[in-house]
Number of protein chains: 2
Amino acid sequence: MISQKSKYALKALAVLAREYGKGPMLISEIANQEKIPRTFLELILLELKNQGLLHSRKGRGGGYFLAKPPQSISVGQILRMTGGPLALLPCVSKTAYRRCEECHDERTCGIRLVMKEVRDATAKILDATTLADLVKRGQLAALGRDALEFSI
Amino acid sequence: MISQKSKYALKALAVLAREYGKGPMLISEIANQEKIPRTFLELILLELKNQGLLHSRKGRGGGYFLAKPPQSISVGQILRMTGGPLALLPCVSKTAYRRCEECHDERTCGIRLVMKEVRDATAKILDATTLADLVKRGQLAALGRDALEFSI
DNA sequence: AAATAGTCTAGTAAATCACTTGACTTAATC
DNA sequence: GATTAAGTCAAGTGATTTACTAGACTATTT
């Protein structure tokens with residue numbers, strides 16, 4: 001499972017992706033839209049800023065905005081930045097590698113081999129999916145739903 | 001990330017799979033072999049027994065053994081039994097579903113759609129991999145390594 | 001009866017998570 | 001240049017979960 005923090009980060013960045021190019025957006029506006037505790041969101045956005053994913057402006061008319069276009073930011077990147085673990089075991093994680101204390105031989109551990117397979121499949125999907133995709137997929141789903149409601 | 005508990009369960013079951021058909025095995029023997037804290041392992045094996053995956057015998061000559069052949073027990077099953085989360089978000093989990101409090105509309109949430117893709121890919125791998133596969137892969141890897149050492 | 005093994009209920013220390021508080025800085029506007 | 005609007009940052013905290021341990025009990029074999 002990913003943390004609330006990672007989930008909030010994804011939600012917030014998806015909002016900023018939707019509004020990309022329209023100038024800065026207030027923390028509180030994002031927090032309201034996505035029902036994220038405001039002070040917690042502050043921390044999260046700040047951290048993403050320090051990692052270069054966001055820019056901000058202080059003072060009146062300020063706020064946050066994406067540092068890069070939405071199609072060049074992947075979900076995988078975001079999860080890694082917010083400490084979200086892609087791997088199911090530390091011994092197959094690229095960013096948070098730690099060997100298993102009790103493992104006799106990592107190279108011949110069958111469990112590890114399977115978990116590595118899972119990790120690679122997960123990373124493939126998450127690294128291929130960008131914020132732009134996220135927004136688009138949401139919009140498509142909404143259209144589909146509206147069409148359905150109309151047809152009833 | 002999966003819990004230590006899930007990992008220990010996998011390790012213990014892999015040992016029992018390797019010894020399948022050779023009669024019961026002592027908790028302490030498994031614990032020693034895999035360097036798992038013995039009292040903790042007791043809990044884990046008991047739980048797996050209560051879920052029907054293991055049988056046990058008390059008294060001298062007793063111990064634990066698999067209730068079914070290793071090729072009919074999947075890694076996915078084991079993780080679900082030990083509370084290990086396959087999904088990265090509760091809202092895409094089949095066994096531990098919980099809707100996201102703050103989500104406006106689950107059906108159109110782009111994040112959820114991607115996470116569902118990941119969950120399905122993960123489940124596909126883990127449900128297709130059995131204890132027998134785990135053992136075999138470990139043995140193959142060990143062979144490969146020995147062959148390599150010989151050739152040097 | 002003695003020894004061997006699993007069973008079961010509690011409890012607990014440490015870590016992590018999901019936040020909150022409050023003081024501070026910077027920038028725009030009146 | 002004072003005021004207000006905004007982000008920045010360091011600490012702290014309550015709740016939950018994790019990863020165990022302790023200890024008394026039950027069943028089986030010799």
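A note on names: the letters A, B, ... follow the listed sequences, proteins ahead of strands, and every chain is numbered from 1. Not measured: the values here are computed from a predicted model. Heavy atoms only: backbone and side chains are in, while hydrogens, waters and symmetry mates are out.
In this structure, CD1 of A/I2 is placed 10 Å from P of C/dA18, rounded to the nearest angstrom. D/dG7 atom P lies 11 Å from atom CZ of A/F65, rounded to whole Å. Atom CG of B/N50 and atom P of C/dG6 are 15 Å apart (whole Å). One atom, CZ of A/F40, and another, P of D/dA10, lie 17 Å apart when rounded to the nearest Å. As a whole-Å value, the separation of A/K49 NZ from D/dT8 C1' is 8 Å. Rounded to whole Å, atom C1' of C/dT7 lies 17 Å from atom NE2 of B/H55. C/dA5 atom P lies 9 Å from atom CZ of B/R38, rounded to whole Å. Spacing between atom CD of A/E42 and atom C1' of C/dT20 amounts to 10 Å, rounded to whole angstrom units.
Here D/dC20 is the nucleotide among D/dC20, D/dT8, D/dT29 with the atom lying nearest to any side-chain atom of B/P37. Among the nucleotides D/dA5, C/dT26, C/dT7, the one closest to the side chain of A/K58 is C/dT26. For B/Q4, the listed nucleotide lying nearest its side chain is D/dA19; candidates were D/dA19, C/dC19, C/dA28. Out of D/dT8, C/dT7, D/dA6, the shortest distance to the side chain of A/L46 is found at D/dT8. The side chain of B/S3 has D/dA19 as its nearest neighbour among C/dA28, D/dA19, C/dG6. Here the nucleotide nearest the side chain of A/R60, chosen from D/dT29, C/dT29, D/dC9, is C/dT29. Set against D/dT8, C/dG6, C/dA28, the side chain of A/R57 has C/dA28 as its closest nucleotide.
Contact check on A/K124 versus A/D120 returns no salt bridge, with no Lys/Arg side-chain nitrogen under 4.0 Å from an Asp/Glu carboxylate oxygen. With respect to the salt-bridge test (charged N to carboxylate O, under 4.0 angstrom), the residues B/E117 and B/R112 do not qualify.
Side chains of B/I30 and B/M25 form a contact here, defined as non-hydrogen atoms less than 4.5 Å apart.
Between the side chain of A/H55 and the backbone N or O of A/P24 there is no donor-acceptor pair closer than 3.5 Å. For A/Q51 (side chain) and A/M81 (main-chain N/O), a donor-acceptor pair under 3.5 Å exists by modelled atom type.
Both B/G59 and A/Y8 lie close to DNA chain C; mapped to their nearest nucleotides by heavy-atom distance, the more 5′-ward contact belongs to B/G59.
Using a 4.0 Å heavy-atom criterion, one finds that B/T39 contacts the bases of the nucleic acid, with or without backbone contacts as well. Using a 4.0 Å heavy-atom distance criterion, A/L43 is classed as a base contact.
A sub-4.0 Å separation between OP1 or OP2 of C/dT7 and a side-chain N or O of B/S56 is present.
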